[in-house]
Amino acid sequence: MSLNDLLKKRNSVRAFIEKPVPDELIKSIFTLAQLSPSNCNVQPWQIHVVSGNTKDALKDNLLRAVMSGNEPNPEFDWKVRYTGTHRDRQYESASALYSSMNIERSDKNSRLMALVRNWEFFNAPHAVFFTMEKYLNIMGAVDMGIYAQTLALLLSQNGIASCFQGALGQFPNPVKELLKIPEDIGILFGMSFGYPDKEAVVNTTRTDRAAIEDSVVFWD
Ligand SMILES: Cc1cc2nc3c(=O)[nH]c(=O)nc-3n(C[C@H](O)[C@H](O)[C@H](O)COP(=O)(O)O)c2cc1C
């Protein structure tokens with residue numbers, strides 16, 4: 001599939017079938033993702049791919065942490081309060097998601113339940129945690145974003161769906177404990193991946209994009 005087609009095909013998928021992706025295919029995809037560029041070629045990404053029993057145990061521990069009522073304690077600054085156009089787009093993307101599931105904006109309980117699906121990995125057979133040394137801060141985060149998009153496109157090329165999830169960096173303690181991630185390494189975000197559940201209405205969610213004139217200026 002051409003890159004043009006891949007870019008049009010990829011979208012966030014939030015319901016998966018149980019069928020796991022073959023190990024060899026996963027390894028070949030992550031091998032290619034290593035080709036991602038990074039500042040000074042530092043390659044800051046330290047990636048954890050969880051499947052099977054480890055993923056199930058992690059899901060239980062994460063749900064316990066989320067339901068405990070404790071505040072999220074992300075290791076990087078995710079607390080941006082979007083304003084203006086950014087806020088409008090944030091609102092529109094949430095609205096696209098909830099209306100695909102027939103959830104009214106006023107229905108806080110259903111919205112909460114939909115949010116909690118993040119920490120169940122949306123039933124995906126695999127999840128990724130994108131971690132890096134904390135001191136790298138924004139320089140590392142740029143490289144991690146490039147890596148993650150490379151990965152998403154590689155997955156998509158192989159018929160594998162995914163969803164980036166900032167939510168997976170919100171409760172780092174159970175993840176770090178189970179995956180033995182040291183203190184100086186932080187979880188930036190995560191991603192669930194697997195084969196899409198084609199029957200799930202949540203997967204009909206689509207977002208649009210601003211016109212090119214709103215984002216790009218060409219200078220002669
Ligand atoms: C860094 C990042 C974090 C995200 N975090 C979440 C998340 O926690 N939960 C979720 O359901 N979607 C999450 N998304 C998905 C975005 O909502 C989605 O990419 C956006 O609405 C555009 O839709 P598309 O991916 O279908 O093109 C995240 C995307 C990115 C790039």
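It should be emphasised that the depicted structure is a prediction, and the values quoted were computed from it without experimental measurement. Atoms within a ligand are numbered from 1 in the order they appear, just like the ligands themselves.
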Self-check item: Ring geometry between W119 and F171 (parallel below 30°, tilted from 30 to 60°, perpendicular above 60°)
Solution: perpendicular
Quiz prompt | Identified side-chain contact (heavy atoms from CB on, under 4.5 Å) partner of Y147 from the options T150, D143, L151 | solution = L151
Self-check item: Best match, R209, M191, R206: closest heavy atom to atom 27 (O) of ligand 1
Solution: R209
Exercise. List the steps, then state whether side chain to side chain contact (heavy atoms under 4.5 Å, CB included) holds for R14 with F121.
Key: CA-CA 8 Å; R14 298 180 179 88; F121 308 119; over 6 Å; no
Quiz item: At what distance is the nearest protein heavy atom to atom 26 (O) of ligand 1, and which residue and atom is it?
Solution: S12 N, 2.8 Å
Quiz item: Where is the nearest protein heavy atom to atom 3 (C) of ligand 1: which residue, which atom, and how far?
Solution: G166 N, 3.4 Å
Practice problem: Would you mind checking which non-hydrogen protein atom is closest to atom 1 (C) of ligand 1, with the distance to 0.1 Å? | Solution: W78 CH2, 4.1 Å
Quiz item: By number and element, which atoms of ligand 1 are closer than 4.0 Å to a non-hydrogen atom of N11?
Solution: 26 (O)
Quiz item: Is a side-chain N or O of K55 found less than 3.5 angstrom from the main chain of A124, in a donor-acceptor match?
Solution: yes
Quiz item: Do M191 and L155 come close enough that some side-chain heavy atom pair is under 4.5 Å?
Solution: yes
Practice problem: For F122, counting its heavy atoms only, list the atoms of ligand 1 lying under 4.0 Å from any of them. | Solution: 11 (O)
Quiz item: To which protein heavy atom is atom 28 (C) of ligand 1 closest, and what is the distance rounded to 0.1 Å?
Solution: F164 O, 3.4 Å
Quiz prompt | Per-atom contacts of ligand 1 with C163, taking only distances under 4.0 Å to non-hydrogen atoms | solution = 10 (C), 11 (O), 12 (N)
Quiz item: Should you measure from each heavy atom of N118, which atoms of ligand 1 turn up under 4.0 Å away?
Solution: 7 (C), 8 (O), 9 (N), 10 (C), 11 (O)
Self-check item: W45 ring center near F130 ring center (under 6.0 Å)
Solution: no
Quiz item: Are any non-hydrogen side-chain atoms of Q90 and V80 less than 4.5 angstrom apart?
Solution: no
Quiz prompt | Option of least heavy-atom distance to atom 15 (C) of ligand 1 (set: R117, R10, R14) | solution = R14
Practice problem: May I ask you to identify the nearest protein heavy atom to atom 21 (O) of ligand 1, giving residue, atom name and distance to one decimal place in Å? | Solution: T207 CG2, 3.5 Å
Self-check item: Check: N118 main-chain N/O paired with E120 side-chain donor or acceptor under 3.5 Å
Solution: no
Quiz prompt | Element-labelled atoms of ligand 1 that are located less than 4.0 Å from some non-hydrogen atom of A167 | solution = 8 (O)
